[in-house]
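What follows is one structure encoded as structure tokens, with my remarks underneath.
Small disclaimer: the values here were computed from a predicted structure and weren't measured.
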Amino acid sequence: MKKPYSCFLASVLFCVFTAYPLCARTGIGFQADFQVRSELPSETGVAFDNALSLTVASDALPWVFSLQARLKDQYAGFTCDNWVIYQPLSRRASWFFFYGTSGGIEAGGAHGLYMGPRLGAGMNLFAAARHLELYAQAAWNPFAGVRLSPDDSESRFFIQPLVFPVNAGLRVWFP
């Protein structure tokens, strides 16, 4: 009795996962970016970071997914943004407005786990048949998290309401 349903479900899943890449232009982008991040109130105020990222985007979905790594402070993070508005400025340039979420894990020095919403805008410029993308974006990215002391003897919950990351970088897309 269950065998026909499981065969049907397997067939549907196979069709969906094979047809989707054929119908939608899905790309994977590798990028290096530079980030200026202002966190108020904080001890540092402004932080400058370099990151390497992997981004996945599709013409069929307004969502853009990204995984980041900063080796300097042993940080790994993610963003998941819905590009609500994506409008061309010219044949090669566009601007976008997005909302989404971000999170991360920090392992260097103090250990931490963070997550929060994002709201921002940016611009991008494509070259080389849309394989190279220069981009810049700014966001309001408040977050909450838990931070452990370097020796893991103490933990504390915190909220960082005024975080404004500004990113610029180069993506190489592989459609």
Single-linkage hydrophobic cluster, 4.5 Å side-chain cutoff, Met115 and Phe143 together | no
Are Phe30 and Leu132 co-members of a hydrophobic cluster defined by side-chain heavy atoms under 4.5 Å apart?
-> yes
So, Trp140 side chain and Pro161 main chain: donor-acceptor pair closer than 3.5 Å or not?
-> yes
Can you check whether Leu54 reaches Phe65 side chain to side chain, under 4.5 Å on heavy atoms?
-> no
With side chains defined as the heavy atoms from C-beta onward, is the minimum distance between Leu134 and Asn124 less than 4.5 Å?
-> no
Find the distance between CH2 (Trp83) and CH2 (Trp63) and round it off to the nearest 0.5 Å.
-> 13.0 Å
Taking a hydrophobic cluster as the set of Ile, Leu, Val, Met, Phe, Trp and Tyr residues connected by side-chain heavy atoms closer than 4.5 Å, whether directly or through intermediates, do Leu52 and Leu170 fall within one such cluster?
-> no
Between Thr101 (side chain) and Pro117 (backbone), is there a donor-acceptor pair under 3.5 Å?
-> no
Min side-chain heavy-atom separation Tyr86-Pro62 under 4.5 Å | no
Evaluate the side-chain contact (heavy atoms from CB on, under 4.5 Å) criterion for residues Val64 and Val56: first the C-alpha distance (whole Å), next the side-chain angles of each, then the deciding distance (0.1 Å), finally the verdict.
-> CA-CA 6 Å; Val64 177; Val56 177; over 6 Å; no
Got a second to check how far Arg147's CZ is from His111's NE2, nearest 0.5 Å?
-> 12.0 Å
The reported gap from CZ in Phe78 to OG in Ser102 (rounded to nearest 0.5 angstrom) is 6.5 Å
Determine whether more than 12 heavy atoms belonging to other residues, nucleotides or ligands lie under 6.0 Å from atom CD1 of Ile105.
-> no
Test log, rule side-chain hydrogen bond (donor to acceptor under 3.5 Å, both in side chains), inputs Tyr135 and Gln31 | CA-CA 10 Å; Tyr135 71 94; Gln31 69 202 50; 3.0 Å; yes
Ignoring hydrogens and angles, tell me if any N or O in the side chain of Asn50 forms a donor-acceptor pair with the backbone of Arg70 under 3.5 Å.
-> no
How far does CH2 of Trp95 sit from CD1 of Ile85, to the nearest 0.5 angstrom?
-> 4.5 Å
Between Tyr114 and Gln160, is any pair of side-chain heavy atoms under 4.5 Å apart?
-> no
Could you tell me which non-hydrogen atom of Phe98 sits nearest to which non-hydrogen atom of Asp81, and how far apart they are?
-> CD1-CG, 3.6 Å
Which heavy atom in Ala138 sits nearest to a heavy atom in Val166, and how many Å separate them?
-> CB-CG2, 4.1 Å
In one Ile/Leu/Val/Met/Phe/Trp/Tyr side-chain cluster, 4.5 Å: Ile28, Val172 = yes
Contact summary for Phe157 and Ala144, nearest pair of heavy atoms = CZ-CB, 3.9 Å
Rounded to the nearest 0.5 Å, how far does OG of Ser53 lie from CG of Asn167?
-> 8.0 Å
Give, for atom CZ of Phe126 and atom CD of Glu133, the distance between the pair rounded to the nearest 0.5 Å.
-> 4.0 Å
